[in-house]
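Just below is one structure, and these are the notes that go with it.
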Amino acid sequence: MEILGNPSTKSKFDNDVWIYIERKQTQSKLTNLGRMKIYKNDVLVLEIDKYGILKKKDFYNKEDMNKIKIAENTTKTGNRKNTFVYNFMSSMRQKINDPLGERAKKRKEISQR
């Protein structure tokens, strides 16, 4: 720990997995309108056993991370309550999209058939 310092993050499920992240960016060319470009993105994952001895070490660089397939599936929460702000913004969006309420009337007519 003296050499590497504190980890960038620890696993939420297992405190014996330490993750060190090194990311370096540079301002890209003028043609990209000044957006930042990542030129170094390294991740070191250390798994430590209950005795404090290194059990497993994984190192991922920028090229390795480009090969990782990200799952597109998401888990929906069943008991999500909408906040006041969410409800207010949804109401405003509906009023902007349909100021006279014509769509709502048509939907109501169709659902009553």
Side-chain angles (χ1 to χ4, degrees):
M1 184 129 141
E2 291 179 18
I3 296 172
L4 295 175
N6 291 329
S8 302
T9 187
K10 290 184 179 182
S11 172
K12 291 185 179 190
F13 305 107
D14 185 1
N15 285 334
D16 294 332
V17 176
W18 294 2
I19 303 169
Y20 292 88
I21 301 169
E22 177 186 24
R23 174 179 270 187
K24 292 186 179 180
Q25 303 180 64
T26 184
Q27 204 145 23
S28 60
K29 300 176 185 176
L30 183 61
T31 57
N32 292 340
L33 302 174
R35 284 182 274 167
M36 298 299 281
K37 180 179 179 183
I38 298 171
Y39 67 91
K40 189 170 191 174
N41 195 25
D42 298 335
V43 177
L44 175 64
V45 180
L46 302 176
E47 189 173 336
I48 300 166
D49 67 8
K50 62 182 178 180
Y51 302 108
I53 298 173
L54 182 63
K55 186 163 72 171
K56 184 178 175 186
K57 174 185 74 169
D58 292 318
F59 180 78
Y60 304 100
N61 60 22
K62 185 177 168 185
E63 288 77 31
D64 295 333
M65 287 186 230
N66 287 334
K67 296 175 190 173
I68 296 174
K69 303 284 186 212
I70 308 278
E72 294 182 17
N73 299 337
T74 59
T75 304
K76 295 184 180 183
T77 57
N79 59 353
R80 188 181 129 212
K81 292 183 180 178
N82 293 336
T83 63
F84 170 77
V85 174
Y86 177 83
N87 289 334
F88 177 77
M89 296 302 286
S90 295
S91 174
M92 292 302 295
R93 183 181 67 224
Q94 287 174 342
K95 289 177 181 174
I96 290 170
N97 290 337
D98 188 18
L100 301 176
E102 297 298 322
R103 291 182 189 168
K105 289 177 189 175
K106 287 180 183 177
R107 271 189 255 125
K108 189 174 181 181
E109 288 174 8
I110 292 171
S111 66
Q112 290 178 353
R113 291 182 193 169

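The residues of the chain are indexed from 1 along the displayed sequence.
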Exercise. Rounded to the nearest 0.5 Å, what separation is found between the CD atom of E47 and the NZ atom of K56?
Worked result: 6.0 Å
Exercise. Atom CD in E63, atom CG in N41: separation rounded to 0.5 Å?
Worked result: 10.0 Å
Problem set entry | side-chain contact (heavy atoms from CB on, under 4.5 Å) partners for I96, two or more places apart | none
Exercise. Under the side-chain contact (heavy atoms from CB on, under 4.5 Å) test, which residues partner L44, sequence neighbours left out?
Worked result: L4, Y20, L46, K57, F59
